[in-house]
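First the structure, in the form of structure tokens, and then the observations on it.
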There are 2 protein chains.
Amino acid sequence: MANIHEVAKQAGVSSATVSRVLNNTSSVTERTRQKVDQAIKELNYEPSMLGRNLRNSESRLLLVLIPNFSNPYYTEIINGIEDFSVERGYNILLCETDSNPTRENTFFNMVKNKLADGIISMDPTINMAKLQELAKKHSIVLCSEYDELERIPYVAIDNEVAAYKVMKHLIRLGHENIALINSDEKFLYARQRRKGYERALEEFDLPLRQEYIYNTNNLDFQDGAQAMRKLLQLDETPTAAFAVSDTLAIGALKELNVKGMNVPGEFALVGFDNISFSNMTNPTLTTVAQPMYQMGIAAANMLIDQLQGKPVDSVMLDHELIIRESTLN
Amino acid sequence: MANIHEVAKQAGVSSATVSRVLNNTSSVTERTRQKVDQAIKELNYEPSMLGRNLRNSESRLLLVLIPNFSNPYYTEIINGIEDFSVERGYNILLCETDSNPTRENTFFNMVKNKLADGIISMDPTINMAKLQELAKKHSIVLCSEYDELERIPYVAIDNEVAAYKVMKHLIRLGHENIALINSDEKFLYARQRRKGYERALEEFDLPLRQEYIYNTNNLDFQDGAQAMRKLLQLDETPTAAFAVSDTLAIGALKELNVKGMNVPGEFALVGFDNISFSNMTNPTLTTVAQPMYQMGIAAANMLIDQLQGKPVDSVMLDHELIIRESTLN
DNA sequence: ATGAAAGCGCTAACAC
DNA sequence: GTGTTAGCGCTTTCAT
């Protein structure tokens, strides 16, 4: 594969001129430009990003950290990130951490090593301490999950309000025994959604019953199924549940189906995230929609601004309760 | 951030020695090594991949092309690719083509530009001609979808046999009017699965009815739902259907549910891919499992071997019919 | 408007 | 075992 010097020779100019033509960086005679373009075509030349990146000491690659590919929740956010980044001349590298510190380190090193310019983290399990450390010298943006205490900029929704709205919806339908299928409360969003759950109970004078709060280890279907199994074994079973993730809700719904319970007749169910499957279940699932694509756009925008030295502020985006069959009355 | 020369100066050695320590490339005195390690620590040095890659003219980055993130079919394959690649010292860049030629081009250029070393394509919509062209100078492996005529190595399953097995299963259950919900037959796998469908009909002396074959535009839920809607409008409706993708089958199942039809009582349904959600539907879905993780491993292995100049051969992996509630008798 | 030359950070060939 | 040096492919002063 030809390099810039060969192109220069072929065109009878210097490599500097070829570079100028390539980057439109300073004026070049029309005639020269044509000679260069001609040479480029003849030699089938493609500029090497390696040389360019080394010289410019930037890679124009952004890392997007997610815990695993299998949660469809991330798909639309990634689309937003991707679209915006490409438009601004950056490519994204999708990184699955598997909540594995070794992998996480690999990715942190990529930015230390100049292989990537910055990070958008959507991984709630990430090692925040290390990330904070990295953020001192590099550009980082958090998406969905963030750190209340520190100043890494983030884009998120108001989880407490969202959870509160879900509860209000269920309470208005007449439910008084409402379970919360929550994930591990080491995650900020889990703590926030629980807060909304509790605030609603309080405001409507409903008792807070510890046995109605179930914390799962992961967000897989089986975690939701297991949670529902436990809830249905209680002496006084709940008549509704709010699961903090659609995947959990779908697992819970499966368990309800297996047990032959009628949803929403005997049991109402709400999820969170509005993943595409949530509209394919039987019955379809009431859920909270986050403006995923917009969140992706915002995160990418913030990261690139940060890379270019502009000041950035965290943003809170809107959410929406999508009412479907699983809470019809 | 310190560079190799500063480390060398700090340690009182040459940059070549530092490089040797870094890469274990030739022997270095224990004392020298310690001095260097010390300096690296003191300066918080991280080697720049940009410099290294330029020098070695490799990026150790592999591109994985998929049409879109939202089809969960790809998840496990990607995990296989990722795990194997990381172990061999490569990182992967997940590229969503959106079946968009412009994006496709961006990715092709990345390997031309030396930003990436090779490509694993899982995108059936890819521009094969261009890919063949690229394959002349670069390493490429196809996964799932391949090109019968050319010699780009691939890893795949025997789609015809898989489809045949599905049909045999349905026929043995007593079904005689079996529909095929196929995707666009511009895709090789679609043509192969149709072949299996037809061969089974022939062998069991069942008529091939054109109106029982429905081709969808995409693989989304609604495509499956629409297909089923049409099939149920036929004068003589089928009693079973084989959808070439779980997403299609799930959409079709949704439509059957909406119509109040009992599955499998009144209608039997089979999907393809064994995505995790296929076990969450009501009823659960009979489907064909491909050894996704293994396919990913194999593809990555082939690509890296190819990059290292070893000869590689295409591989055909096994598949398995997973019988679940949607075809229980 | 264009060219010469330095240098981004690294590794490998060669010399000692 | 270690240092010197050249060069990977590019961009960017600084001249002219």
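Quick note on labels: first sequence line is chain A, next is B, and so on, each numbered from 1. These figures come from a predicted structure and were not determined experimentally.
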Would you please confirm or rule out a distance under 4.0 Å between OP1 or OP2 of C/dC8 and any side-chain N or O of B/S48? no

Can you find a heavy atom in the side chain of B/N113 that is under 4.5 Å from one in the side chain of A/P47? yes

How do A/N56 and B/S26 order along DNA chain D: which one's closest nucleotide is nearer the 5' end? B/S26

Look at the side-chain N and O atoms of B/T29 and state whether any lies under 4.0 Å from the OP1 or OP2 oxygen of D/dT2. yes

Tell me which nucleotide among D/dG9, C/dG3, C/dT11 gets nearest to the side chain of B/L22. C/dT11

May I ask you to test the A/L115-B/N53 pair for a side-chain heavy-atom distance under 4.5 Å? yes

With a non-hydrogen cut-off below 4.0 angstrom, is A/S57 in contact with a base, only sugar-phosphate, or nothing? nothing

Taking OP1 and OP2 of D/dT11, is either one under 4.0 Å from a side-chain nitrogen or oxygen of A/N23? yes

From C-beta outward on A/T32, which listed nucleotide comes closest to its side chain: D/dG1, C/dA1, C/dC10? C/dA1

Sole residue of B/L94, B/L93, B/L307 in side chain to side chain contact (heavy atoms under 4.5 Å, CB included) with B/L62: B/L307

Any donor-acceptor N/O pair under 3.5 Å between C/dG3 base and A/R20 side chain: yes

Per atom distances to the A/Y45 side chain, the nearest of C/dC10, D/dC10, C/dA12 is D/dC10

Using a cut-off of strictly less than 4.0 Å, decide whether A/R52 has a side-chain nitrogen or oxygen near OP1 or OP2 of D/dG9. no

Distance, rounded to the nearest Å, where B/N113 contributes CG and D/dC8 contributes C1': 16 Å

Within the side chain of B/D117, is there an N or O that forms a donor-acceptor pair under 3.5 Å with the backbone of B/S59? yes

Tell me what B/L50 touches on the nucleic acid: a base, only sugar-phosphate, or nothing, going by heavy atoms under 4.0 Å. nothing

Whole-Å gap separating P (D/dC10) and NZ (B/K112): 15 Å

Look at A/T17 and C/dT2 and indicate whether a side-chain polar atom (N or O) is within less than 4.0 Å of OP1 or OP2. no

Tested for side chain to side chain contact (heavy atoms under 4.5 Å, CB included) against B/V141, the lone hit among B/I119, B/L303, B/V312 is B/L303

Of the candidate nucleotides D/dT12, C/dT11, C/dC10, which contains the atom at the shortest distance from the side chain of B/P47? C/dC10

Closest to the B/S27 side chain: D/dG1, C/dT11, D/dG3? D/dG1

Nearest listed nucleotide, side chain of A/A16, among C/dT2, D/dT12, D/dC10: D/dT12

Could you tell me how far apart B/Q34 (CD) and D/dG1 (C1') are, to the nearest whole angstrom? 16 Å

